[in-house]
There are 2 protein chains.
Amino acid sequence: MTAPESSAPKLRGRPRSPATDAAIIEAALRLLEEGASVGGLSIEGIAREAGVGKATVYRRWPGKDALMLDVLRSLEEPSPEPAGVSVRDDLVTVLEFMRRRGLAKRHSALLRSVITQMHAHKELWRAYDENVIAARRATLRAVLRRGRESGEIRADVDLELLADLFTGPMLARAMLHEWKELPDGLAERIVDTVLEGVSPRR
Amino acid sequence: MTAPESSAPKLRGRPRSPATDAAIIEAALRLLEEGASVGGLSIEGIAREAGVGKATVYRRWPGKDALMLDVLRSLEEPSPEPAGVSVRDDLVTVLEFMRRRGLAKRHSALLRSVITQMHAHKELWRAYDENVIAARRATLRAVLRRGRESGEIRADVDLELLADLFTGPMLARAMLHEWKELPDGLAERIVDTVLEGVSPRR
DNA sequence: CCAATACGATACGGTCTCGTATCGTAAGTC
DNA sequence: GACTTACGATACGAGACCGTATCGTATTGG
């Protein structure tokens with residue numbers, strides 16, 4: 001789990017350095033950015049990269065899995081609250097948030113790693129799902145539901161499918177093509193095209 | 001020069017068993033299906049799983065990367081030739097092909113693994129791209145172009161974006177949610193919804 | 001029968017990581 | 001100053017895998 005000071009820290013000796021916590025997590029992220037997979041990471045390697053003794057890592061986390069959970073949590077970002085003026089703009093807000101995150105190398109690297117190993121480490125996947133995906137999905141669902149009620153979205157479309165229609169293209173690009181394929185304005189284009197449809201209007 | 005044996009191999013001695021070739025590749029696929037990552041695979045482990053001596057593997061491939069290339073190639077499937085009657089049906093054909101492939105555990109496992117490690121093993125990624133992705137993309141592009149010419153698809157939409165609008169949702173589901181989320185009829189629903197649009201028709 | 005090669009098994013030295021333990025030193029509390 | 005804990009460094013035995021080599025046996029062609 002995390003390495004929190006409990007509420008009543010009877011601090012006797014030298015306190016643990018928060019900077020060391022951060023340095024370890026930062027080192028793990030750096031290695032992931034450089035192409036390492038979660039499975040390929042080693043405590044030794046992380047400690048080396050962080051310029052830290054191996055025991056210092058083990059003093060904080062029992063093993064790689066627990067450390068990875070905190071690495072995930074370190075990337076938590078508040079999901080944007082859509083303004084609620086038009087469904088179209090709200091959708092753009094959500095997708096634009098995804099786009100910016102996909103542009104961050106550490107995010108896409110982690111996304112790929114976690115996805116690959118979600119079988120081997122169900123716990124890790126659950127954590128990623130809760131920390132990163134769930135909030136976005138909830139926000140998106142709320143927007144879509146509102147759109148259906150307001151008539152901006154057709155009533156006969158499955159909202160679950162709809163969510164994938166909007167997020168799928170962004171996700172696929174972030175995972176397959178990597179940074180460069182997430183240009184400015186991509187969110188708007190996806191939203192408008194899916195809303196409008198591809199067939200010529202009659 | 002070199003390679004005197006490559007073109008005209010004199011067949012002395014016991015020939016290599018093609019069944020052993022297959023057993024090794026099959027073992028690698030089995031391990032990947034069970035959740036191993038490409039990086040986590042080991043020649044020793046593959047040989048063990050295949051019931052084969054380690055030297056037998058090294059006799060065929062110089063290392064893991066070369067073996068992986070053949071593992072990829074073993075999954076080659078002829079991309080379906082769309083009938084060409086209507087663009088809508090052709091799109092469904094392409095997406096349905098993707099759906100069926102996503103249902104095959106070994107395909108999605110390999111897809112995830114390769115994506116994760118595409119940085120570490122660019123060569124491997126290139127091979128996957130050529131063997132699995134390129135054909136589908138070419139087919140899809142041809143269909144879309146034809147649709148634009150025939151008027152079934154609006155002329156003002158970027159075909160590159162359009163391709164992602166159709167394939168992205170299928171890919172995202174295959175990678176994130178795993179088998180269960182690729183139900184019958186998904187291809188039709190994606191195609192029809194994207195063609196028709198989500199806004200209510202005026 | 002003989003020569004040549006494949007094959008499963010096993011052994012080898014080497015490297016890497018594991019998780020634990022033990023140094024001497026640094027940084028806090030009492 | 002005494003005590004307690006953190007820290008970087010290092011050592012340790014255990015285990016996995018690397019790539020190569022060498023067994024004895026099996027399977028082919030000559």
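Remember, it's a predicted structure, so these values are computed and weren't measured experimentally. Note on naming: letters A, B, ... go to the chains in the order of the sequence lines (proteins, then strands), and numbering restarts at 1 for each one.
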Heavy-atom side-chain contact between [X] and [Y] under 4.5 Å:
X	Y	answer
A:Met170	A:Leu182	yes
B:Leu161	A:Leu186	yes
B:Leu195	B:Phe166	yes
B:Leu29	B:Leu75	yes

How long is the straight-line distance from [atom2] of [Y] back to [atom1] of [X], given to the nearest 0.5 Å?
X	Y	atom1	atom2	result
B:Thr167	B:Ile190	OG1	CD1	9.0 Å
B:Glu123	B:Leu69	CD	CG	6.0 Å
A:Glu152	A:Ser86	CD	OG	6.0 Å

Open item on the list: Which is more 5' along DNA chain C, the nucleotide nearest A:Ile43 or the one nearest A:Arg59? Just name the residue.
Closed with: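 That would be A:Ile43.
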Open item on the list: Which is more 5' along DNA chain C, the nucleotide nearest A:Pro15 or the one nearest A:Tyr58? Just name the residue.
Closed with: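 The residue closer to the strand's 5' end, by nearest nucleotide, is A:Tyr58.
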Task: Of residues 16-24 of chain B, the positions that come close to DNA chain D - non-hydrogen atoms, cut-off under 4.0 Å - done: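 Correct list: empty, so none.
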Open item on the list: Applying side chain to side chain contact (heavy atoms under 4.5 Å, CB included), can you list everything that pairs with B:Ala23, at least two apart in sequence or on another chain?
Closed with: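 Once residues adjacent in sequence are excluded, B:Ala23 has no partner under the side chain to side chain contact (heavy atoms under 4.5 Å, CB included) criterion.
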- [ ] Apply the test side chain to side chain donor-acceptor pair (under 3.5 Å) to residues B:Glu44 and B:Ser42: give CA-CA distance (whole Å), side-chain angles for both, the deciding distance (0.1 Å), then the verdict.
- [x] CA-CA 5 Å; B:Glu44 293 215 10; B:Ser42 67; over 6 Å; no
Open item on the list: Reading DNA chain D from 5' onward, which residue's closest nucleotide shows up sooner: A:Glu44 or B:Gly45?
Closed with: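 With A:Glu44 and B:Gly45 compared, the 5'-side residue is A:Glu44.
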Task: Pairwise 5' ranking along DNA chain D for B:Arg14 and B:Ala55, keeping only the more 5' one - done: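 Whichever sits nearer the 5' end wins; that is B:Ala55.
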Open item on the list: Quick test of your reading: applying side chain to side chain donor-acceptor pair (under 3.5 Å), list the pairs with at least one residue in residues 132-142 of chain A, sequence neighbours left out, ordered by first then second residue.
Closed with: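 Only A:Arg141-A:Glu160 qualify under side chain to side chain donor-acceptor pair (under 3.5 Å).
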Open item on the list: I'd like to know if the side chain of A:Thr56 and the backbone of A:Val52 have a donor-acceptor N/O pair within less than 3.5 Å.
Closed with: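 Absent.
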Write down the protein N/O and nucleotide N/O pairs, taken from nucleotides 1-3 of chain C, whose separation is under 3.5 Å; answer none if there are no such pairs.
none

TODO: Looking only at side-chain atoms of B:Arg60, point me to the closest of C:dT17, C:dA11, C:dC7.
DONE: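 Among the listed nucleotides, the one closest to the side chain of B:Arg60 is C:dC7.
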- [ ] Decide, yes or no, whether a salt bridge links B:Arg30 with B:Glu26 under the criterion of side-chain N to carboxylate O below 4.0 Å.
- [x]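 No, B:Arg30 and B:Glu26 are not salt-bridged.
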Task: Stretch residues 28-41 of chain A: residues that reach within less than 4.0 Å of DNA chain C through a heavy atom - done: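 None - not one residue of the stretch has a heavy atom sitting under 4.0 Å from the strand.
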Open item on the list: Of all nucleotides in DNA chain D that come within under 4.0 Å of a heavy atom of chain B, which is furthest toward the 5' end and which toward the 3' end?
Closed with: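 Under 4.0 Å from chain B, the extent on DNA chain D is D:dC17 to D:dG29.
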Open item on the list: Pair A:Trp61, A:Met68 - check side chain to side chain contact (heavy atoms under 4.5 Å, CB included), show working.
Closed with: CA-CA 9 Å; A:Trp61 295 277; A:Met68 281 305 150; over 6 Å; no
